[in-house]
Protein chains: 2
Amino acid sequence: MESTTRIFKALSEPIRLRIVNLLLRGERCVCDLMEVLTMPQSTISRHLAYMKNAGLVKGRRRGVWMYYRLAVGNSGLHEKLLTILASWLPQTVEAKSDLKRLASLLRHKDSSSCQTNYPEKEL
Amino acid sequence: MESTTRIFKALSEPIRLRIVNLLLRGERCVCDLMEVLTMPQSTISRHLAYMKNAGLVKGRRRGVWMYYRLAVGNSGLHEKLLTILASWLPQTVEAKSDLKRLASLLRHKDSSSCQTNYPEKEL
DNA sequence: TCTACTTATCCGCATATGCGGATAAAAGCA
DNA sequence: TGCTTTTATCCGCATATGCGGATAAGTAGA
(Lines give C-alpha, C1' and ligand atoms only; values in the text may rest on other atoms or scores of the structure.)
Protein backbone atom coordinates (compact mmCIF):
# COMPACT_ATOMS: atom_id res chain seq x y z
CA MET A 1 0.00 0.00 0.00
CA GLU A 2 2.93 2.24 0.74
CA SER A 3 4.43 1.57 -2.68
CA THR A 4 1.07 2.36 -4.23
CA THR A 5 0.72 5.70 -2.49
CA ARG A 6 4.22 6.56 -3.68
CA ILE A 7 3.06 6.01 -7.24
CA PHE A 8 0.00 8.14 -6.68
CA LYS A 9 2.20 10.88 -5.24
CA ALA A 10 4.39 10.65 -8.30
CA LEU A 11 1.29 11.30 -10.41
CA SER A 12 0.09 14.21 -8.25
CA GLU A 13 1.76 17.07 -10.11
CA PRO A 14 0.64 18.37 -13.50
CA ILE A 15 4.23 18.64 -14.71
CA ARG A 16 4.81 15.00 -13.88
CA LEU A 17 1.69 13.89 -15.73
CA ARG A 18 3.00 15.82 -18.70
CA ILE A 19 6.27 13.94 -18.41
CA VAL A 20 4.39 10.64 -18.32
CA ASN A 21 2.55 11.73 -21.43
CA LEU A 22 5.79 12.39 -23.28
CA LEU A 23 7.33 9.12 -22.14
CA LEU A 24 4.31 7.22 -23.42
CA ARG A 25 5.78 7.84 -26.88
CA GLY A 26 9.19 6.46 -26.02
CA GLU A 27 12.21 7.33 -23.94
CA ARG A 28 13.41 10.90 -23.74
CA CYS A 29 16.50 12.64 -22.50
CA VAL A 30 16.38 15.40 -19.90
CA CYS A 31 17.32 18.07 -22.40
CA ASP A 32 14.36 17.25 -24.65
CA LEU A 33 11.99 17.26 -21.72
CA MET A 34 13.16 20.62 -20.47
CA GLU A 35 12.79 22.07 -23.93
CA VAL A 36 9.29 20.74 -24.49
CA LEU A 37 8.10 21.61 -21.00
CA THR A 38 10.05 24.89 -20.89
CA MET A 39 11.20 24.36 -17.34
CA PRO A 40 14.69 24.76 -15.87
CA GLN A 41 16.85 21.67 -15.91
CA SER A 42 17.03 21.37 -12.14
CA THR A 43 13.25 21.27 -11.99
CA ILE A 44 12.99 18.54 -14.61
CA SER A 45 15.72 16.44 -13.02
CA ARG A 46 14.15 16.79 -9.59
CA HIS A 47 10.79 15.55 -10.85
CA LEU A 48 12.41 12.68 -12.71
CA ALA A 49 14.27 11.69 -9.55
CA TYR A 50 11.03 11.73 -7.64
CA MET A 51 9.29 9.58 -10.24
CA LYS A 52 12.23 7.19 -10.39
CA ASN A 53 12.20 6.81 -6.63
CA ALA A 54 8.52 5.95 -6.81
CA GLY A 55 9.22 3.28 -9.42
CA LEU A 56 7.36 5.12 -12.14
CA VAL A 57 10.27 5.68 -14.52
CA LYS A 58 13.67 4.20 -15.19
CA GLY A 59 16.80 5.93 -16.40
CA ARG A 60 19.46 4.75 -18.80
CA ARG A 61 22.70 6.58 -19.30
CA ARG A 62 24.09 6.85 -22.81
CA GLY A 63 27.15 8.98 -22.94
CA VAL A 64 26.43 12.32 -21.37
CA TRP A 65 22.72 11.84 -21.81
CA MET A 66 20.26 10.25 -19.48
CA TYR A 67 17.27 8.69 -21.18
CA TYR A 68 14.16 8.16 -19.12
CA ARG A 69 11.32 5.81 -19.91
CA LEU A 70 8.24 4.57 -18.15
CA ALA A 71 8.87 1.58 -15.92
CA VAL A 72 6.70 -1.39 -16.80
CA GLY A 73 4.08 -1.92 -14.13
CA ASN A 74 5.41 -4.31 -11.52
CA SER A 75 2.03 -4.70 -9.88
CA GLY A 76 -1.44 -5.12 -11.28
CA LEU A 77 -2.43 -1.69 -10.10
CA HIS A 78 0.64 -0.01 -11.55
CA GLU A 79 0.04 -1.64 -14.91
CA LYS A 80 -3.62 -0.67 -15.00
CA LEU A 81 -2.74 2.88 -14.01
CA LEU A 82 -0.43 3.18 -16.98
CA THR A 83 -3.15 1.82 -19.22
CA ILE A 84 -5.77 4.33 -18.19
CA LEU A 85 -3.26 7.17 -18.29
CA ALA A 86 -2.33 6.15 -21.82
CA SER A 87 -5.96 6.47 -22.83
CA TRP A 88 -6.73 9.61 -20.87
CA LEU A 89 -3.64 11.81 -21.12
CA PRO A 90 -3.66 12.31 -24.91
CA GLN A 91 -7.10 13.91 -24.64
CA THR A 92 -5.90 16.76 -22.48
CA VAL A 93 -4.99 20.10 -23.95
CA GLU A 94 -1.62 20.18 -22.19
CA ALA A 95 -0.67 16.80 -23.61
CA LYS A 96 -1.68 17.74 -27.12
CA SER A 97 0.33 20.92 -27.11
CA ASP A 98 3.34 19.19 -25.57
CA LEU A 99 3.28 16.53 -28.26
CA LYS A 100 3.15 19.18 -30.94
CA ARG A 101 6.16 20.91 -29.45
CA LEU A 102 7.97 17.59 -29.18
CA ALA A 103 7.29 16.74 -32.80
CA SER A 104 8.60 20.09 -33.92
CA LEU A 105 11.65 19.73 -31.71
CA LEU A 106 12.49 16.33 -33.17
CA ARG A 107 12.09 17.64 -36.69
CA HIS A 108 14.50 20.53 -36.25
CA LYS A 109 16.97 18.96 -33.92
CA ASP A 110 20.64 18.96 -34.80
CA SER A 111 21.45 15.36 -35.62
CA SER A 112 24.60 15.54 -33.51
CA SER A 113 22.61 16.03 -30.30
CA CYS A 114 20.94 13.36 -28.26
CA GLN A 115 19.20 10.66 -30.24
CA THR A 116 17.38 7.57 -29.21
CA ASN A 117 18.16 4.15 -30.59
CA TYR A 118 14.68 2.95 -29.92
CA PRO A 119 11.93 3.18 -32.50
CA GLU A 120 9.66 6.11 -31.76
CA LYS A 121 5.95 5.78 -31.53
CA GLU A 122 4.03 8.00 -33.85
CA LEU A 123 3.52 11.59 -32.87
CA MET B 1 -5.35 17.98 -15.43
CA GLU B 2 -5.46 19.98 -12.25
CA SER B 3 -8.61 18.18 -11.11
CA THR B 4 -6.94 14.89 -11.91
CA THR B 5 -3.86 15.62 -9.84
CA ARG B 6 -6.15 16.56 -6.96
CA ILE B 7 -7.69 13.11 -7.14
CA PHE B 8 -4.26 11.49 -7.22
CA LYS B 9 -3.27 13.55 -4.19
CA ALA B 10 -6.40 12.38 -2.43
CA LEU B 11 -5.25 8.80 -3.06
CA SER B 12 -1.69 9.44 -1.90
CA GLU B 13 -2.05 8.51 1.76
CA PRO B 14 -2.43 4.95 3.04
CA ILE B 15 -5.12 5.99 5.49
CA ARG B 16 -7.14 7.51 2.67
CA LEU B 17 -6.85 4.39 0.55
CA ARG B 18 -8.14 2.47 3.55
CA ILE B 19 -11.09 4.86 3.74
CA VAL B 20 -11.79 4.29 0.05
CA ASN B 21 -11.70 0.58 0.68
CA LEU B 22 -14.29 0.87 3.44
CA LEU B 23 -16.52 3.12 1.35
CA LEU B 24 -16.45 0.62 -1.50
CA ARG B 25 -18.85 -1.41 0.66
CA GLY B 26 -21.27 1.43 1.19
CA GLU B 27 -21.52 4.72 2.99
CA ARG B 28 -20.05 5.07 6.49
CA CYS B 29 -20.31 7.61 9.26
CA VAL B 30 -17.24 9.25 10.74
CA CYS B 31 -17.60 7.40 14.04
CA ASP B 32 -17.48 4.00 12.34
CA LEU B 33 -14.43 5.00 10.31
CA MET B 34 -12.53 6.22 13.35
CA GLU B 35 -13.34 3.01 15.16
CA VAL B 36 -12.27 0.73 12.33
CA LEU B 37 -9.15 2.73 11.53
CA THR B 38 -8.38 3.49 15.20
CA MET B 39 -7.50 7.09 14.51
CA PRO B 40 -8.62 10.21 16.36
CA GLN B 41 -11.76 11.87 15.07
CA SER B 42 -10.02 15.06 13.99
CA THR B 43 -7.67 13.02 11.82
CA ILE B 44 -10.50 11.14 10.13
CA SER B 45 -12.53 14.29 9.53
CA ARG B 46 -9.53 16.09 8.11
CA HIS B 47 -8.85 13.33 5.60
CA LEU B 48 -12.51 13.15 4.63
CA ALA B 49 -12.55 16.91 4.08
CA TYR B 50 -9.49 16.58 1.87
CA MET B 51 -11.07 13.78 -0.16
CA LYS B 52 -14.32 15.68 -0.45
CA ASN B 53 -12.50 18.75 -1.70
CA ALA B 54 -10.85 16.60 -4.35
CA GLY B 55 -14.22 15.27 -5.47
CA LEU B 56 -13.48 11.75 -4.32
CA VAL B 57 -16.22 11.44 -1.70
CA LYS B 58 -19.52 13.05 -0.88
CA GLY B 59 -21.09 13.65 2.51
CA ARG B 60 -24.68 13.39 3.60
CA ARG B 61 -25.90 14.57 6.97
CA ARG B 62 -28.47 12.50 8.79
CA GLY B 63 -29.20 13.87 12.21
CA VAL B 64 -25.96 14.23 14.11
CA TRP B 65 -24.21 11.82 11.83
CA MET B 66 -22.36 12.52 8.61
CA TYR B 67 -22.34 9.66 6.15
CA TYR B 68 -19.63 9.61 3.53
CA ARG B 69 -19.68 7.69 0.31
CA LEU B 70 -17.56 7.49 -2.81
CA ALA B 71 -18.48 10.07 -5.41
CA VAL B 72 -19.34 8.55 -8.77
CA GLY B 73 -16.61 9.27 -11.25
CA ASN B 74 -17.39 12.46 -13.14
CA SER B 75 -14.64 11.89 -15.67
CA GLY B 76 -13.50 8.83 -17.54
CA LEU B 77 -10.28 8.71 -15.60
CA HIS B 78 -11.97 9.07 -12.24
CA GLU B 79 -14.36 6.26 -13.04
CA LYS B 80 -11.61 3.95 -14.21
CA LEU B 81 -9.56 4.76 -11.13
CA LEU B 82 -12.41 3.65 -8.91
CA THR B 83 -12.73 0.46 -10.91
CA ILE B 84 -9.12 -0.56 -10.56
CA LEU B 85 -9.08 0.41 -6.90
CA ALA B 86 -12.11 -1.76 -6.35
CA SER B 87 -10.27 -4.71 -7.79
CA TRP B 88 -6.92 -4.01 -6.17
CA LEU B 89 -7.69 -2.73 -2.67
CA PRO B 90 -9.43 -5.86 -1.35
CA GLN B 91 -6.26 -7.86 -1.98
CA THR B 92 -4.18 -5.82 0.43
CA VAL B 93 -3.60 -6.95 3.99
CA GLU B 94 -4.67 -3.61 5.42
CA ALA B 95 -7.96 -3.74 3.57
CA LYS B 96 -8.69 -7.28 4.65
CA SER B 97 -8.08 -6.55 8.28
CA ASP B 98 -10.10 -3.34 8.14
CA LEU B 99 -13.04 -5.17 6.62
CA LYS B 100 -12.87 -7.77 9.36
CA ARG B 101 -12.90 -5.09 12.00
CA LEU B 102 -15.79 -3.37 10.23
CA ALA B 103 -17.82 -6.57 10.08
CA SER B 104 -17.27 -7.18 13.77
CA LEU B 105 -18.16 -3.59 14.57
CA LEU B 106 -21.42 -3.82 12.65
CA ARG B 107 -22.32 -7.07 14.38
CA HIS B 108 -21.87 -5.74 17.89
CA LYS B 109 -23.05 -2.21 17.39
CA ASP B 110 -25.77 -0.83 19.60
CA SER B 111 -28.78 -0.51 17.32
CA SER B 112 -29.49 2.97 18.69
CA SER B 113 -26.28 4.36 17.20
CA CYS B 114 -25.71 5.42 13.64
CA GLN B 115 -27.27 3.19 11.02
CA THR B 116 -27.42 3.40 7.30
CA ASN B 117 -30.61 3.24 5.32
CA TYR B 118 -28.83 1.93 2.31
CA PRO B 119 -28.38 -1.76 1.63
CA GLU B 120 -24.89 -2.87 2.55
CA LYS B 121 -22.71 -4.78 0.21
CA GLU B 122 -21.48 -8.07 1.54
CA LEU B 123 -18.53 -8.06 3.86
C1' DT C 1 -33.03 26.66 26.64
C1' DC C 2 -29.88 23.24 28.41
C1' DT C 3 -27.51 19.13 27.59
C1' DA C 4 -25.42 15.31 25.13
C1' DC C 5 -23.61 13.55 21.07
C1' DT C 6 -21.25 13.88 16.56
C1' DT C 7 -18.54 16.22 13.45
C1' DA C 8 -15.83 20.33 11.65
C1' DT C 9 -12.43 23.44 12.34
C1' DC C 10 -8.59 25.67 14.77
C1' DC C 11 -4.10 25.55 16.69
C1' DG C 12 0.88 24.93 17.08
C1' DC C 13 4.21 22.08 15.48
C1' DA C 14 6.88 18.95 12.34
C1' DT C 15 7.88 17.20 7.90
C1' DA C 16 7.49 16.87 2.86
C1' DT C 17 7.87 19.02 -1.18
C1' DG C 18 7.93 22.72 -4.72
C1' DC C 19 10.95 26.34 -6.90
C1' DG C 20 15.08 27.72 -9.57
C1' DG C 21 19.87 29.43 -9.31
C1' DA C 22 24.41 27.63 -8.12
C1' DT C 23 27.51 24.07 -7.87
C1' DA C 24 29.15 19.32 -8.19
C1' DA C 25 29.52 15.06 -10.70
C1' DA C 26 29.77 12.16 -14.86
C1' DA C 27 31.08 11.34 -19.55
C1' DG C 28 33.37 12.18 -23.90
C1' DC C 29 36.78 14.31 -26.62
C1' DA C 30 41.07 16.74 -27.87
C1' DT D 1 44.80 16.31 -18.15
C1' DG D 2 41.73 20.12 -19.47
C1' DC D 3 37.55 21.57 -21.59
C1' DT D 4 32.63 21.05 -22.88
C1' DT D 5 28.21 19.17 -22.43
C1' DT D 6 24.69 17.08 -19.79
C1' DT D 7 22.67 15.80 -15.65
C1' DA D 8 22.37 15.39 -10.45
C1' DT D 9 22.45 17.47 -6.28
C1' DC D 10 22.70 21.34 -3.02
C1' DC D 11 20.91 25.49 -1.17
C1' DG D 12 17.73 28.77 0.92
C1' DC D 13 13.17 29.82 0.82
C1' DA D 14 8.04 29.26 0.52
C1' DT D 15 4.03 26.51 0.74
C1' DA D 16 1.34 22.26 1.49
C1' DT D 17 0.19 18.93 4.42
C1' DG D 18 0.33 15.59 8.30
C1' DC D 19 -0.58 15.07 13.39
C1' DG D 20 -3.76 15.11 17.40
C1' DG D 21 -5.56 17.85 21.32
C1' DA D 22 -8.75 21.66 22.02
C1' DT D 23 -12.55 24.12 20.76
C1' DA D 24 -16.50 25.48 17.90
C1' DA D 25 -20.56 24.27 15.33
C1' DG D 26 -24.58 21.52 14.20
C1' DT D 27 -28.41 18.49 15.67
C1' DA D 28 -31.73 16.17 18.54
C1' DG D 29 -34.06 15.39 22.70
C1' DA D 30 -35.43 16.59 27.59
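A note on names: the letters A, B, ... follow the listed sequences, proteins ahead of strands, and every chain is numbered from 1. The figures that follow rest on heavy atoms only: side chains count, while hydrogens, waters and symmetry mates do not.
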Counting side-chain heavy atoms from C-beta on, which of [options] comes nearest to [X]?
X	options	answer
B:T43	C:dT17, D:dC19, D:dT17	D:dC19
A:R16	C:dT17, C:dG18, D:dA8	C:dG18
A:V64	C:dG21, D:dT7, D:dT5	D:dT5
B:P40	D:dG20, C:dT7, D:dA8	D:dG20
A:Q41	C:dT6, D:dT17, D:dT7	D:dT7
A:E13	C:dA8, C:dG18, D:dT7	C:dG18

Please report the distance, rounded to the nearest Å, between [atom1] in [X] and [atom2] in [N].
X	N	atom1	atom2	value
A:K52	D:dA8	NZ	P	7 Å
A:D32	D:dT6	CG	C1'	12 Å
B:K58	C:dT7	NZ	C1'	19 Å
B:M66	C:dC5	CE	C1'	15 Å
B:M39	D:dG21	CE	P	11 Å
A:N53	D:dA8	CG	P	14 Å
A:Y50	C:dA16	OH	P	10 Å
A:M34	C:dG21	CE	C1'	13 Å

Is any side-chain N or O of [X] closer than 4.0 Å to OP1 or OP2 of [N]?
X	N	result
B:H47	D:dT17	no
B:S42	D:dG21	no
B:R62	D:dT27	no
B:Y68	C:dA8	yes

For B:Y67, does the six-membered ring have the charged nitrogen or CZ of B:R28 within the cation-pi criterion, i.e. under 6.0 angstrom from the centroid and within 45° of the normal? no

Close side-chain approach of A:L99 to A:L22, heavy-atom, < 4.5 Å: yes

Is it true that B:L82 and B:Y68 fall in one hydrophobic cluster, defined by side-chain heavy atoms closer than 4.5 Å? yes

Is a donor on one side and an acceptor on the other found under 3.5 Å between the side chain of B:R6 and the backbone of B:N53? yes

5'-most by nearest nucleotide on DNA chain D - A:C29 or B:K9: A:C29

Using heavy atoms to find the nearest nucleotide of DNA chain C for B:L48 and A:I15 separately, return the residue whose nucleotide is more 5′. B:L48

If you look at every strand shown and take non-hydrogen atoms under 4.0 Å, does A:R46 touch a base, only sugar-phosphate, or nothing? base

Do A:K9 and B:E13 sit within salt-bridge range, that is, some charged N less than 4.0 Å from a carboxylate O? yes

Less than 3.5 Å apart, any donor N or O on the side chain of B:S45 or B:Q41 sitting next to an acceptor on the other? yes

